[in-house]
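Inspection log for the structure reproduced underneath, given as structure tokens.
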Amino acid sequence: MLDIKRIREEPERVRERLATRGGDDGEKVEEILHCDSEWRRLVTEVERLKSQRNRVSKEIGALMGQGKGEEAEARKEETRALGEQIGVLDGQVGKLKERARELMLSLPNLPHESVTVGATEADNPTLREWGQKRDYPFEPEGHVGLCERLQLIDFVRGAKLSGSGFLLYTGWGARLERALTQFLLDLHTGEHGYTEVSPPFVVSRDCMEGVGQFPKFVDQAYAVQEGEDGSTLGSLYLIPTAEAPVANIHRGEMLAHADLPIRYCAYSPCFRAEAGAAGVGTRGMIRVHQFDKVELIKVVDPEQGYEALERLVAHAETVLQQLDLHYRVILLCTGDMGFGSAKTYDIEVWAPGQKDYLEVSSCSNCEDFQARRMGLRVKMTDGKKVYPHILNGSGTALARLFVALIETHQQKDGSIAIPEPLRPYLKADRIPSPEG
RNA sequence: GGAGAGAUGGCUGAGUGGUCGAAAGCAACGGUUUGCUAAAUCGUCGUACGUGUCACAGCGUACCGCGGGUUCGAAUCCCGCUCUCUCCGCCA
């Protein structure tokens, strides 16, 4: 959520920055300004009436105390009339405020000045690459083929259980997934200073709203239902990312400055309805309804938000470096950024079987956008209360990492070589080929 | 799932339908004092929004878990909800 004061003070600037995202939010800004000024006008008015009523009520109390009951009765008429006016005005005030909030919640964050202005992913600049595409003395196989041949994933039975887009990991596949998860958590907690948390995998509507998933992406979330009648279990939603619960851990709190920076690291499965994406790259495990991910969340002093973002990306990059996977880091342009983000780096790993780069991490600084939505503040050492910057980054998504790993490290003999740092976790240095 | 108890300012904890934004204590902050890691003493000490100011101040409104209701007036009475605690049952 943007700062209403900022919208009041420099509406043009806000409109300009929003426009770089490509949406049509100009009209919303207009309506917000209108609701806001109207709201302030009515609030002033209704508060004046309330003040009057309070005064008269006190006088009535005094009269009653003095035993002047009749006089008091007479004055009650006054406040009754005031009460009616107040009721009407309060209704209008409430509606305006609600409408303004609704609009405020639907506005995306303003892109940071350093972000390239652009319309689509074609405009995303590549910032750097690490490693390189290897040459294989054979035609590298795609992950679907590898998974089937090595019996890592049973695509058919996974779909039988839950429909397409759900994976059944088997044997070495399941073990590799578990090893990767463990490896990632140990790396971030041990080397990068994050505190591991294990959050609920369903969250309330408030949490979804806090991180900016709602209201815009309601149709992308699975709602938890209680029974066949469709009654929703207190409006709970399967998390699309651990960011939803973890970024909300301190919702509504007032943190001390000494509590910062806060760094959390969490494993969770992620559930995405991917409505409207059917048929687009749905084969295999590139785009699925459920995948595992290790997420990194930071809550920091606003002064240090961007410094923290650079470190966050570096932490995610370490994963790929340790697994010896070629990747590139790109900066999302204004038109391609997520709803709540002010600046986002994507890390894309090379998958030789796909002959394409896969997004395995998205690291964003949402600045105070989420903190404002969830009412999370920090009391600075000088006593000032500010909204901290909240950052999130994947460290990393598992399914696609799995793809890049097996495609990159496939061997001529049909086996998969396991990079050194992962071996202790898998307790093996290769995944053997059944026929080998 | 059943029964009961509770939810008040950073914390502990009072609170009669009407000067209650809320006693008291602790903590915190500022000052004074005492020949020494501390004590005594005085004072300050909630939040949000609106208004106002260069900025303070000031003024107003709201807030005693959340949402409704009764009333001229609600922390206080009524209803619904949420959460916490205790006991019972059930269960990984």
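Note that these values count all heavy atoms, side chains included, but never hydrogens, waters or copies made by symmetry. Throughout, protein chains are lettered first and strands after them, A, B, ... in sequence-line order, and every chain is numbered starting at 1.
As the counterpart of B/G43, B/C29 is assigned, both hydrogen-bonding distances of the Watson-Crick or G-U wobble pattern falling under 3.5 Å. Across every strand in view, B/A48 sits in a pair with B/U61 that passes the Watson-Crick or G-U test at under 3.5 angstrom. B/U37: no Watson-Crick or G-U partner with both key distances under 3.5 Å is found in any strand. Nucleotide B/G80 has B/C66 as its partner under the Watson-Crick or G-U criteria, with both atom distances under 3.5 Å. Pairing of B/U53, defined by two Watson-Crick or G-U wobble distances under 3.5 Å, is not identified with any nucleotide. Shown here, B/G73 forms no base pair; nothing in the strands shown gives a Watson-Crick or G-U wobble contact with both key distances under 3.5 Å. Across all strands shown, the partner of B/C85 is B/G4, judged by Watson-Crick or G-U wobble contacts whose two distances both fall under 3.5 Å. Taking a pair to require two hydrogen-bonding distances under 3.5 Å in either a Watson-Crick or a G-U wobble arrangement, B/A24 pairs with B/U12.
Atom name P, nucleotides B/G13 and B/C85: the rounded distance is 16 Å, in whole Å. When the P atom is compared between B/A40 and B/G25, the two are found 13 Å apart, to the nearest whole Å. The gap from the P atom of B/G69 to that of B/A62 amounts to 15 Å, rounded to the nearest Å. Look at the C1' atom in both B/C26 and B/U16: the space between them is 27 Å, to the nearest Å. B/G31 and B/G18 have their P atoms separated by 41 Å, with the value rounded to a whole Å. Across B/A57 and B/A38, the matching P atoms stand 33 Å from one another, rounded to whole Å. Remark: the separation of the P atoms in B/A75 and B/C90 is 45 Å, to the nearest Å. Rounded to the nearest Å, the gap between the P atom of B/G35 and that of B/A28 is 24 Å.
Minimum interatomic distance between A/Leu107 and A/Arg373 (heavy atoms only, all atoms of both residues): O-NH2, 4.4 Å. Between A/Tyr169 and A/Leu167 the shortest heavy-atom distance is OH-CD1, 3.6 Å.
Distances shown here put a side-chain N or O of A/Arg8 below 4.0 Å from the OP1 or OP2 atom of B/G50. Contact check, A/Arg48 against B/G60: no side-chain N or O comes under 4.0 Å of OP1 or OP2. Proximity of A/Arg40 to the phosphate of B/C49: no side-chain N or O atom is located under 4.0 Å from OP1 or OP2. Within the structure, a side-chain polar atom (N or O) of A/Asn54 is placed less than 4.0 Å from OP1 or OP2 of B/U61. Phosphate contact (OP1/OP2 of B/U61, side-chain N/O of A/Ser51, threshold under 4.0 Å): present. The phosphate of B/A48 has OP1 or OP2 within less than 4.0 Å of a side-chain N or O from A/Arg377. Not one side-chain nitrogen or oxygen of A/Lys76 sits closer than 4.0 Å to the OP1 or OP2 atom of B/G73.
Protein atom CD of A/Glu47 is 9 Å distant from nucleotide atom P of B/U51, rounded to whole Å. Atom pair A/Leu89:CG and B/G60:C1' shows a separation of 16 Å (rounding to whole Å applied). Taking atom CG of residue A/Leu82 and atom C1' of nucleotide B/U61, one finds them 15 Å apart after rounding to whole Å. As a whole-Å value, the separation of A/Met104 CE from B/C49 P is 12 Å. Protein atom NZ of A/Lys5 is 14 Å distant from nucleotide atom P of B/G52, rounded to whole Å. To the nearest angstrom, C1' of B/U82 lies 12 Å from CG of A/Asp206.
Nearest-nucleotide mapping onto RNA chain B: of A/Val46 and A/Arg75, the residue sitting toward the 5' end is A/Val46.
Of the candidates B/C49, B/U47, B/C72, B/C72 carries the atom nearest the A/Ile60 side chain, counting heavy atoms from C-beta on. Side-chain atoms of A/Lys385 lie closest to B/U47 of the nucleotides B/G73, B/U51, B/U47.
With A/Ile416 as the fixed residue, the side-chain contact (heavy atoms from CB on, under 4.5 Å) test singles out one of A/Leu405, A/Ile406, A/Leu176: A/Ile406.
Under a 4.0 Å N-O distance rule, the pair A/Glu38/A/Arg41 qualifies as a salt bridge. Ionic pairing of A/Glu274 and A/Arg272 is not present here: no N-O contact between side-chain nitrogen and carboxylate oxygen is shorter than 4.0 angstrom. Contact check on A/Glu9 versus A/Lys5 returns no salt bridge, with no Lys/Arg side-chain nitrogen under 4.0 Å from an Asp/Glu carboxylate oxygen.
For A/Phe291 and A/Phe271, the ring centers sit 6.0 Å or farther from each other.
Residue contacts for A/Thr79: at a heavy-atom cut-off of 4.0 Å it reaches the sugar-phosphate backbone alone, with no base atom in range. Here A/Lys50 lies in heavy-atom contact (under 4.0 Å) with sugar-phosphate atoms only.
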